[in-house]
Amino acid sequence: MTAQYWLMKSEPSVFSIQDLKRKKREAWDGVRNYQARNYLKDGMKPGDLAIFYHSNAEPSGPAGICRIAGPSRPDPTAFDPKSDHFDASSDPSKPRWWLVDVEFVSAFSQVLPLASLRDIPELADMTLLRKGQRLSVMPITAKEFQRIKNLAEKS
DNA sequence: GCCAACGTTGGC
DNA sequence: GCCAACGTTGGC
């Protein structure tokens, strides 16, 4: 199967593309939405590429590229009572929440502002740009991925 | 900080 | 199973 492309949101005040660059690799933990969980658990495959998106930021928008670095695995923070993402009702023998590990690929020279993406006709159908969508992890097409990458390289 | 949009929870 | 109340996301 050919590579899939994704968009993954993170608040840079919590974990930014620069943080990933420094750490090289990180577990994408704490996702507590079932649709996003399904993408992490069943959709993402090692080698897939993802746009690293800064949310709740100034500006919000695509900030770089990362790569899925390993197979999905249960999210250990769900079983850690000290974690903000602890889920007391998740049974360790039947994990409810999953994560993937991601590795740094590149950081854009500047974040592409979300508003600037709205001017690009080829991106008009992106889930990201739909009103009210709040998914933190979502698939994108190869074309959308390339278009965003090209925009970033030109800016 | 505001608030629209959405997901989840829980009473009935 | 309905749906109101509540909590969260995330742009602005």
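A quick note: this is a predicted structure, and the numbers were derived from the prediction, not measured. Proteins get letters first, then strands, A, B, ... in listed order; numbering begins at 1 in each.
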Exercise for review: Taking side chain to side chain donor-acceptor pair (under 3.5 Å) as the test, write out the residues that go with A:Glu58, two or more places apart.
Suggested key: none
Can you give the donor-acceptor pairs under 3.5 Å from side chains of residues 15-24 of chain A to other protein atoms, not counting sequence neighbours?
residue, atom, partner, partner atom, Å
A:Ser16, OG, A:Gln18, N, 3.2
A:Ser16, OG, A:Gln18, OE1, 3.4
A:Ser16, OG, A:Asp19, N, 3.1
A:Ser16, OG, A:Asp19, OD2, 3.3
A:Asp19, OD1, A:Arg22, NH2, 2.5
A:Asp19, OD2, A:Ser16, N, 2.8
A:Lys23, NZ, A:Glu26, OE1, 2.9

Practice item. For A:Asp75 and A:Arg37, run salt bridge (Lys or Arg N to Asp or Glu O under 4.0 Å): C-alpha distance rounded to whole Å, both residues' side-chain angles, the deciding distance at 0.1 Å, then the answer. Key: CA-CA 10 Å; A:Asp75 182 345; A:Arg37 185 281 311 268; over 6 Å; no
Exercise for review: Hey, could you give me each pair passing ring pair (Phe, Tyr, Trp, His ring centres under 6.0 Å) that has a residue in residues 35-87 of chain A? Not counting sequence neighbours.
Suggested key: A:Trp6-A:Tyr39, A:Trp28-A:Phe52, A:Phe52-A:His54
Check your understanding: With nearest nucleotides of DNA chain B determined for A:Asn56 and A:Arg32 from heavy-atom distances, which residue corresponds to the more 5′ nucleotide?
Key -> A:Asn56
Point to revise | Residues touching DNA chain C, which here means a heavy atom under 4.0 Å, drawn from residues 117-138 of chain A | key: A:Arg134, A:Leu135
Practice item. Pull out every residue in residues 82-93 of chain A that has a heavy atom closer than 4.0 Å to any atom of DNA chain C, ordered by number, or say none. Key: none
Check your understanding: Taking only residues at least two apart or on different chains, which pairs with a member in residues 99-126 of chain A satisfy ring pair (Phe, Tyr, Trp, His ring centres under 6.0 Å)?
Key -> none
Exercise for review: Please find the earliest and latest nucleotides of DNA chain B, in the 5' to 3' direction, that have an atom within less than 4.0 Å of any heavy atom of chain A.
Suggested key: B:dA5 to B:dT8
Point to revise | salt bridge (Lys or Arg N to Asp or Glu O under 4.0 Å) partners for A:Asp101, two or more places apart | key: A:Arg73
Study note, to complete from the structure: Those residues at least two apart in sequence (or on a different chain) that pass salt bridge (Lys or Arg N to Asp or Glu O under 4.0 Å) with A:Arg130 are none
Check your understanding: Which residue pairs pass the salt bridge (charged side-chain N to carboxylate O under 4.0 Å, His left out) test when at least one of the two sits in residues 89-99 of chain A, sequence neighbours left out?
Key -> A:Asp87-A:Arg96
Review point. Among all residues two or more places apart in sequence or in another chain, which pass the ring-ring contact (aromatic ring centres under 6.0 Å, His included) test with A:Tyr5?
Key: A:Phe145
Check your understanding: What pairs meet the side chain to side chain donor-acceptor pair (under 3.5 Å) rule with one or both residues in residues 115-126 of chain A, with sequence neighbours excluded?
Key -> A:Glu122-A:Arg147
